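For reference, positions follow the sequence shown, starting with 1. Predicted model only: the values in this text are computed from it and were never measured.
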Amino acid sequence: MKPKRILALLLTGALALQCTTALAATPTGISAVKSRTTISSNSLQTAEALSLNVQKAYTFNGSDEYYYKFTPSVTDYYEVKVENVVENDTFIFVRDSAGEAIAYGTYNQLTKTTVMSGTQMTAGSTYYIDIVTYIDNNASRTMATTVSKHEHTGVLEYSKEPSCNDAGFKFFNCTTCGNTYEVHVPKKPHTWETTYTIDSVQSCTQDGQKSFHCSFCDEVNAESVIVFPAWGHDYQERSRSKANRDANGKIQYICERCDAEKTTTISRPKKITLSKTSYVYDGKTKKPTVKVTDAAGETISASRYTVSYASGRKVVGKYKVTVRFKGSKYEGSMSTYFTIIPKASALTSVAASSKGFTARWKKQSTQTTGYQLQYAANSKFKSAKTITFVSNKTTSRKVTKLSAKKKYYVRVRTYKTVSGKKYYSKWSASKSVVTGK
């Protein structure tokens, strides 16, 4: 046997054992494997492009090497075929973008071709088809190269049947390329029943629903759904306790349909607010308006209570206002007070005297028992001295034994005694005086 033929057979055996490891060669050839000087007609950088299913021919001279490049548009299994091969003198290597061999082809004696079958290639990636020949050095031969999609043929390994919700699949072991490949089986369409299924029962709190279901997977046909809105509770009062000034009331209810219960709280009355709590005597009857608020700060309707006032509300004194509750929410009563104070007086003069002063004021005899005169060494009347006059006829007073040449501030007010309690008017505007020597 010729030495070159022996070399070729040895190379084929090595590739069959471990193609990927053995072909970790430089991008310019496989010289480390075939143990000969490489004669390359082009390189990876100048490789001629191949298109899918488009045959290209190249004339090889003796031992030669030629590169094509192929970039798939779809990720799939592909095969490369070189025609017009004599015996086993032509080899195919598929290299990735870095020049590393990832697959190789074998010689088919019946078809006189070398075929690389069933290598998966990724869309957009560039692959190099490396064709190496061992033709006699004095001979040449034109060989055509084609890249096409690989058509798997094989035996079913296992499968999953499709359902309404999931696609099925079948796995085959290809007898040509040896790869396992999958065949997608589409999902089955739903088979809708024609009788309604009750999905939920209508109640006070839940919508009712009915729909058509798939007889295989029980999926709901969305277009068939009919919804019956929840009724809502039909509450009826079961018991009640009224609120009073000391405790909240409550109302208990029960739903006539589902027996659900609820309780509402009636906030207790907390505060009476009068439109005015202090009046100055003018001889007219006083009647402030009333507002009642509960413990939650809400105003209680005036229709839920009556208001009564103490008699004699035109003279100086303290008067009671009583609120009595009525109706279904409140009970009991509450009260508050307002006052009528006497009219004020006013200073007419404050004259200095030796270590003192003499003050005079206007007489105020109506609804007045007497007066109070107050003086201090400061305008805020801190540590002031107060003189009380028990007669409303007194309208002046001389104050002595004060510091000489010192400034004092003076003011006056009236008061009325009712049932032992004094009611005071507002203080008059103050006057100042500097005492004499």
Does any N or O in the side chain of [X] come within less than 3.5 Å of the main-chain N or O of [Y], such that one atom is a donor and the other an acceptor?
| X | Y | answer |
| --- | --- | --- |
| Ser211 | Val220 | no |
| Lys242 | Gly327 | yes |
| Ser203 | Ala230 | no |
| Asn84 | Thr142 | yes |

Got a sec: does the [atom1] of [X] have more than 12 other heavy atoms crowding it under 6.0 Å?
| X | atom1 | value |
| --- | --- | --- |
| Phe169 | CZ | yes |
| Lys250 | NZ | no |
| Lys270 | NZ | no |
| Glu151 | CD | no |
| Lys426 | NZ | no |
| Glu223 | CD | no |
| Lys406 | NZ | no |
| Arg141 | CZ | yes |

field: Output field: ring centroids Tyr196/Phe212 closer than 6.0 Å
entry: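 Yes, they do, as the ring centres are separated by less than 6.0 Å.
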
- prompt: Hey, do the aromatic rings of Phe171 and Tyr158 have their centres closer than 6.0 Å?
  reply: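 When the ring centroids of Phe171 and Tyr158 are compared, they turn out to be within the sub-6.0 Å range.
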
query: Just checking, any donor-acceptor pair under 3.5 angstrom between side chains of Tyr371 and Gln364?
result: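 No, no side-chain donor-acceptor pair sits under 3.5 Å.
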
task: Quick one: closest heavy-atom pair of Gln367 and Val316, and the distance?
output: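 Scanning both residues, the minimum pair turns out to be OE1-N, 2.9 Å.
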
Least distance between heavy atoms, Pro229 atom then Gln202 atom: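 So the two residues come closest at O-NE2, 2.5 Å.
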
message: Determine whether Thr299 and Val292 satisfy the following criterion, side-chain contact (heavy atoms from CB on, under 4.5 Å), listing intermediate values before the conclusion.
response: CA-CA 6 Å; Thr299 300; Val292 182; over 6 Å; no

query: Any idea how Tyr424 and Tyr415 line up, ring-wise: parallel (<30°), tilted (30 to 60°), or perpendicular (>60°)?
result: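 Aromatic pair Tyr424/Tyr415 classed tilted.
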
Partner residues of Tyr107 under the ring-ring contact (aromatic ring centres under 6.0 Å, His included) criterion, sequence neighbours left out: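 Checked Tyr107 against ring-ring contact (aromatic ring centres under 6.0 Å, His included); zero matches.
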
